[in-house]
Amino acid sequence: MKRGHFLGGLALAVLWAGAAETAKVGCPIAKAPDEIPTYRMLPEDGYQLPKILPANQQRVDGSRSMKFDFNDDGIAETVVCDSTGGSGGNAWRIQRIRPSQKWEDVGEFFGFPMLAEKSGGWYQIVDVYKCGWAEKIFSVYTFQNGLYTRVRRERQRYDTFTVEVETGLQPYATNGLSALSSRFERSLRSELNSCEKPFNQNGLVVEFSGAACVFTCPEFKIELARKIENNVLYEVEGGPVGHECSFTPQAAAEHKTAVQQALKNLPKLLVPINVDERVAKPIPLTSEVKLLVPVSTNEPAADVR
């Protein structure tokens with residue numbers, strides 16, 4: 001293998017990770033996409049993947065055995081492909097030499113890995129691999145107690161537009177902005193997927209902007225935000241959430257109808273909760289409170305990108 005991307009798989013990993021960035025929610029069975037999915041659907045807990053390093057910082061030397069300094073201590077670890085992978089990717093091991101000159105494994109993983117920002121002095125690893133056209137697995141590894149440990153694993157299902165967080169689910173408000181936005185994204189994608197006219201799912205980008213979740217693509221823009229009434233911002237489980245939607249001139253009529261139907265179904269995405277949790281908590285808006293800054297103490301920090 002010539003000098004290339006980290007573990008020789010970054011190019012494929014970026015392809016599968018996608019440009020855009022969940023608790024399990026059912027949607028109607030989707031038809032097979034016309035293009036390979038390259039997006040990651042928003043999780044209900046609002047978890048954000050660690051920031052991936054630029055490609056020019058993911059360089060390594062070697063072939064089947066490659067060296068990379070995972071903690072910048074001047075001593076490179078060795079990355080070994082153990083040849084037990086499959087169509088979804090390769091299996092890898094990370095080894096380092098101890099002061100006693102003995103080698104030890106400090107991590108193993110499968111797929112197309114990417115280096116991400118440091119945690120605890122060591123680079124994190126974001127690992128992605130596919131299972132046919134219908135599934136993709138995202139995993140995050142951090143270095144803990146002498147080993148790379150998987151702290152997050154989620155299974156993205158593109159046939160049913162569901163996401164299953166199998167490891168590392170974060171606490172979140174049942175009907176908070178991240179949870180509702182996650183359900184809405186999957187409902188919206190399902191509605192658009194049912195159209196006769198193909199819709200480019202890869203072109204739909206979902207991201208948080210302060211206290212709003214924004215859905216953008218060449219055909220439309222949708223913003224979900226907490227509703228404001230009489231200059232009061234309501235932070236409430238199951239409470240109202242406002243939205244704004246605009247279409248571009250190139251929006252297909254059938255896609256417009258699908259978007260409008262998804263917005264109509266938005267209230268149905270609220271999960272029933274105890275009555276006492278539905279009591280609104282009004283927060284008077286002042287000059288010090290900006291609308292695009294989260295003000296809830298219950299909303300997870302991951303709601304802000």
Side-chain angles (χ1 to χ4, degrees), residues 4-22 38-62 65-82 85 88-97 104-130 136-156 163-172 178 207-208 300-305:
H5 294 307
F6 170 62
L7 303 184
L10 177 63
L12 288 174
V14 171
L15 172 66
W16 285 105
E21 308 256 317
T22 8
T38 61
Y39 56 91
R40 170 180 175 260
M41 289 176 284
L42 177 68
E44 286 199 20
D45 62 355
Y47 180 84
Q48 301 299 301
L49 295 176
K51 184 178 180 181
I52 306 299
L53 298 186
N56 62 2
Q57 296 182 32
Q58 309 235 11
R59 313 293 288 190
V60 295
D61 292 309
S65 177
M66 300 168 282
K67 292 185 178 296
F68 189 88
D69 191 351
F70 283 86
N71 61 347
D72 291 331
D73 64 352
I75 303 175
E77 284 70 39
T78 300
V79 182
V80 179
C81 176
D82 67 9
N90 292 322
W92 307 90
R93 292 187 179 186
I94 302 175
Q95 298 179 326
R96 67 174 177 176
I97 191 167
E104 67 174 359
D105 286 349
V106 295
E108 58 182 44
F109 44 90
F110 172 86
F112 299 104
M114 297 172 284
L115 286 179
E117 59 188 329
K118 284 185 177 179
S119 174
W122 289 70
Y123 289 108
Q124 297 179 86
I125 297 172
V126 176
D127 188 40
V128 185
Y129 67 89
K130 64 184 179 69
K136 191 188 300 180
I137 307 296
F138 287 81
S139 297
V140 178
Y141 294 82
T142 63
F143 196 78
Q144 301 177 1
N145 300 319
L147 291 172
Y148 267 102
T149 303
R150 185 168 60 197
V151 297
R152 177 81 175 191
R153 187 176 193 265
E154 55 185 49
R155 182 182 301 271
Q156 302 248 342
V163 183
E164 302 170 28
V165 178
E166 300 177 348
T167 303
L169 181 67
Q170 305 295 309
Y172 65 94
S178 65
E207 56 188 352
F208 285 100
D303 270 359
V304 181
R305 297 191 182 188

Shortest non-hydrogen contact from S178 to L42?
-> O-CD2, 3.9 Å

Which distance, rounded to the nearest 0.5 Å, do you find between the OG1 of T167 and the CZ of R150?
-> 5.0 Å

Distance col, row R153:CZ vs E164:CD, nearest 0.5 angstrom, shows 10.0 Å

Under the criterion side chain to side chain contact (heavy atoms under 4.5 Å, CB included), which of R155, E44, Q156, K136 is the partner of V163?
-> Q156

Roughly how far, to the nearest 0.5 Å, is CD of E166 from CD1 of I137?
-> 5.5 Å

Fit a plane to each ring of Y148 and F143, take the angle between them on a 0 to 90° scale, and name the class: parallel (under 30°), tilted (30 to 60°) or perpendicular (over 60°).
-> perpendicular

Find the distance between CG (L49) and CD (E154) and round it off to the nearest 0.5 Å.
-> 6.0 Å

Side-chain contact test, heavy atoms from C-beta onward, threshold under 4.5 Å: evaluate it for Y47 versus V140 and give yes or no.
-> yes

Considering non-hydrogen atoms only, spot the tightest contact between K118 and N71 and give its length.
-> NZ-O, 4.0 Å

Side chain proximity check, D69 to E77, heavy atoms < 4.5 angstrom | yes

Pair D73 + R96, salt bridge at N-O below 4.0 Å | no

Take D72 and Y123, measure what side chain to side chain donor-acceptor pair (under 3.5 Å) needs, and give me the verdict at the end.
-> CA-CA 9 Å; D72 291 331; Y123 289 108; 3.0 Å; yes

Which atom names give the shortest non-hydrogen contact between P50 and E117, and what distance separates them?
-> CA-OE2, 3.5 Å

D45 to Q170 - nearest heavy-atom pair and separation = OD2-N, 2.8 Å

Specify the closest pair of heavy atoms between L115 and I125, including all atoms of both residues, with the distance to one decimal.
-> CD2-CG1, 4.5 Å

CG-OH distance between L147 and Y141, expressed to the nearest 0.5 angstrom | 12.5 Å

Show your reasoning for whether side chain to side chain contact (heavy atoms under 4.5 Å, CB included) applies to R40 and V128.
-> CA-CA 11 Å; R40 170 180 175 260; V128 185; over 6 Å; no

